[in-house]
4 protein chains.
Amino acid sequence: MFLTVDAGDKQPIYLQIVDGIKALIACGQLREGMALPSVRQVAGDLGVNLNTIAVAYRQLQDEGLVTVRHGAGAVIASRRPRDIQPGELRKPLRTALTQLILAGLSDREILAAVREELAPLRQKGDSR
Amino acid sequence: MFLTVDAGDKQPIYLQIVDGIKALIACGQLREGMALPSVRQVAGDLGVNLNTIAVAYRQLQDEGLVTVRHGAGAVIASRRPRDIQPGELRKPLRTALTQLILAGLSDREILAAVREELAPLRQKGDSR
Amino acid sequence: MFLTVDAGDKQPIYLQIVDGIKALIACGQLREGMALPSVRQVAGDLGVNLNTIAVAYRQLQDEGLVTVRHGAGAVIASRRPRDIQPGELRKPLRTALTQLILAGLSDREILAAVREELAPLRQKGDSR
Amino acid sequence: MFLTVDAGDKQPIYLQIVDGIKALIACGQLREGMALPSVRQVAGDLGVNLNTIAVAYRQLQDEGLVTVRHGAGAVIASRRPRDIQPGELRKPLRTALTQLILAGLSDREILAAVREELAPLRQKGDSR
DNA sequence: GTGGTCTAGACCACG
DNA sequence: GTGGTCTAGACCACC
């Protein structure tokens, strides 16, 4: 489990953990039915408070990505066809791309960067 | 000036404004030397607090995108190569791509989405 | 015995079992003097922890609905008028109705839903 | 604002508050666009911790019932057609009705109780 | 053992 | 002023 947090980051710790676990799910390192490490273990490993992890797990549950069973740990939920509006996902993408343009990258360079980022997120070869 | 803010968004208003102005710069609608509208005018147009706009302008100044001249408003700064840490720009990109993967999009679909988003950001034809 | 549990439910498993048995009693499928299946059997059938079933049975005993006889299993208790505080039963009803109102149902629709739910709970014709 | 909490209740305080506010919305005492009292005020009034109220408000936001704007308080959200599966709402109703049957109430008495509970939730006369 | 809730108190971010 | 986050530590509920 390769989760890291940066206390100096503008993004709150609990969201960093949420994003980290989402990435692990996306790349297949965490699959449907697999158990997540316990709240206490993650808290100990990362050196953050128990509650902070609990909030992250709760968020993942609210998004339907994991099933938390009281007294029995958390497991990756069955992957549903996710009822998200595409518009919700486009906004952060647009913002990220804008930043790259302002940094002076050409379209070609940006697409290369996207491919570079995409590759490790597809390690397990389920490139649907 | 086509800036909009969504009070219901989870992103703070001042950042929505920062991103909006960045997009205008990226696509060439705002060019080096052009004056930004006054804090008061933007606040009035968008119906938000004066202070909120001031914070947004301050952020743009801190990033070196605009220069605020005391008593004379803000103008778009000369485009410098900017001292960017590439990692800083990659993180939001990675998060946005992760979300698209979790939504079930294939690599092909994601690259298409990136191209779609990139196009309007290059309206003015300066595809360096 | 038609009991089911849903591990993904937010309600704890032992309460799902308690509610399930209450429903069976309410509709007459379980009557005074009838024996409940053993803790072990239920646990095996549902694939849950032995202790979980024991807690459910304990709760039913505390509410006076079943009597647990040492070494001889549990049987449905004689139906007493029960010492109920009406307020205690009204609260969950009020919460459930509030949810229906927020979902946009009219009074007419809600009463229809109540009658619909009531019918199968009166299968055995003891509509006192 | 008539919110009460019972520390001895089995339901957690933050959910009691969520339910209380839902009831106020359902009966029209809180309408679209109205501001909720601040987290600090509610915490003071009820004598509970700030965080507890914050969690309740966050839950209401996650359910789309209120819009929380950082630094600017919380307001009742525009009432959307709620994308709930009716099955979700039927389960608590069924459980509540089961309890009433076990208490010995007849169908007639139960329907009377439902009408009794429904009346105060329709004070403002929008019985769609 | 697991996660859930609550407290007290601190500090930050937003408008 | 507002809400958001985090900590430390406690106690409870569940499996």
Side-chain angles (χ1 to χ4, degrees), chain A residues 5 7-17 35-43 46-61 66-75, chain B residues 5 7 9-17 43 46-56 59, chain C residues 5 7 10-17 43 46-56 59, chain D residues 5 7-17 35-43 46-59 61 66-75:
Chain A
V5 293
D9 196 333
K10 213 176 100 172
Q11 199 175 32
I13 294 174
Y14 83 96
L15 279 183
Q16 293 180 40
I17 292 165
L36 288 175
S38 82
V39 167
R40 282 172 176 80
Q41 187 185 327
V42 177
L46 299 180
V48 302
N49 190 279
L50 252 165
N51 279 336
T52 305
I53 311 298
V55 168
Y57 275 31
R58 179 171 186 173
Q59 166 101 15
L60 287 166
Q61 178 173 236
V66 312
T67 312
V68 180
R69 289 176 311 194
H70 198 149
V75 301
Chain B
V5 292
D9 197 334
K10 77 169 187 175
Q11 198 175 32
I13 293 174
Y14 87 99
L15 273 185
Q16 292 181 40
I17 292 166
L46 299 180
V48 302
N49 194 298
L50 258 171
N51 205 13
T52 305
I53 311 297
V55 169
Q59 166 105 13
Chain C
V5 293
K10 75 168 186 176
Q11 199 175 29
I13 293 174
Y14 87 98
L15 273 185
Q16 294 181 40
I17 292 166
L46 300 180
V48 302
N49 194 296
L50 258 171
N51 206 12
T52 305
I53 310 297
V55 169
Q59 165 106 12
Chain D
V5 293
D9 196 333
K10 213 175 101 170
Q11 199 175 33
I13 293 175
Y14 83 96
L15 278 184
Q16 294 180 40
I17 291 165
L36 288 174
S38 83
V39 167
R40 283 172 176 79
Q41 187 185 326
V42 177
L46 299 181
V48 301
N49 190 279
L50 251 166
N51 280 336
T52 306
I53 312 296
V55 168
Y57 275 31
R58 180 170 184 174
Q59 166 102 14
Q61 178 173 238
V66 311
T67 312
V68 180
R69 289 174 311 194
H70 198 150
V75 301

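A note on names: the letters A, B, ... follow the listed sequences, proteins ahead of strands, and every chain is numbered from 1. Quick caveat, the model's predicted, so the values are computed rather than measured.
For the atom pair CG of D/L46 and OG1 of D/T52, the computed distance is 10.0 Å after rounding to the nearest 0.5 Å. Atom CD1 in B/I17 sits 11.5 Å away from atom CD in B/Q59 (nearest 0.5 Å). Residue A/L36 holds its CG atom at 9.5 Å from OG1 of A/T67, rounded to the nearest 0.5 Å. Note: A/I53 CD1 to A/Q41 CD = 11.0 Å, rounded to the nearest 0.5 Å.
Chain C approaches DNA chain F within less than 4.0 angstrom (heavy atoms of the protein), and the contacting nucleotides run 5' to 3' from F/dC14 to F/dC15.
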**OP:** Convert the base pairs of DNA chain F into dot-bracket notation, remembering that pairs crossing earlier ones are written with [ ] and that bases paired across to another strand are shown as |; include only Watson-Crick or G-U pairs under 3.5 Å.
**Re:** ||||||||||||||.
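Looking at every heavy atom in both residues, B/L15 comes nearest to A/K10 through CD1-NZ, 3.3 Å. The shortest heavy-atom contact between C/Q16 and C/V5 is OE1-CA, 3.4 Å. When all heavy atoms of C/L50 and C/A43 are compared, the pair lying nearest together is CA-CB, 3.9 Å. Heavy-atom minimum distance, C/N49 versus C/N51: OD1-N, 2.7 Å. Between A/Y14 and A/A56 the shortest heavy-atom distance is O-CB, 3.5 Å.
Where A/G47 and D/S38 each meet DNA chain F at their nearest nucleotide, the meeting point lying more 5' is that of D/S38.
Looking only at side-chain heavy atoms (C-beta outward), A/R69 and C/I13 stay at 4.5 Å or farther from each other.
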Extract from the structure each pairing of a protein N or O with an N or O of nucleotides 12-15 of chain E at less than 3.5 Å, listing the distance.
residue	atom	partner	partner atom	Å
E/dA13	N3	D/H70	NE2	3.0
E/dC14	OP1	B/Y14	OH	3.4
E/dC14	OP2	B/Y14	OH	3.0
E/dG15	OP1	B/I13	N	3.2

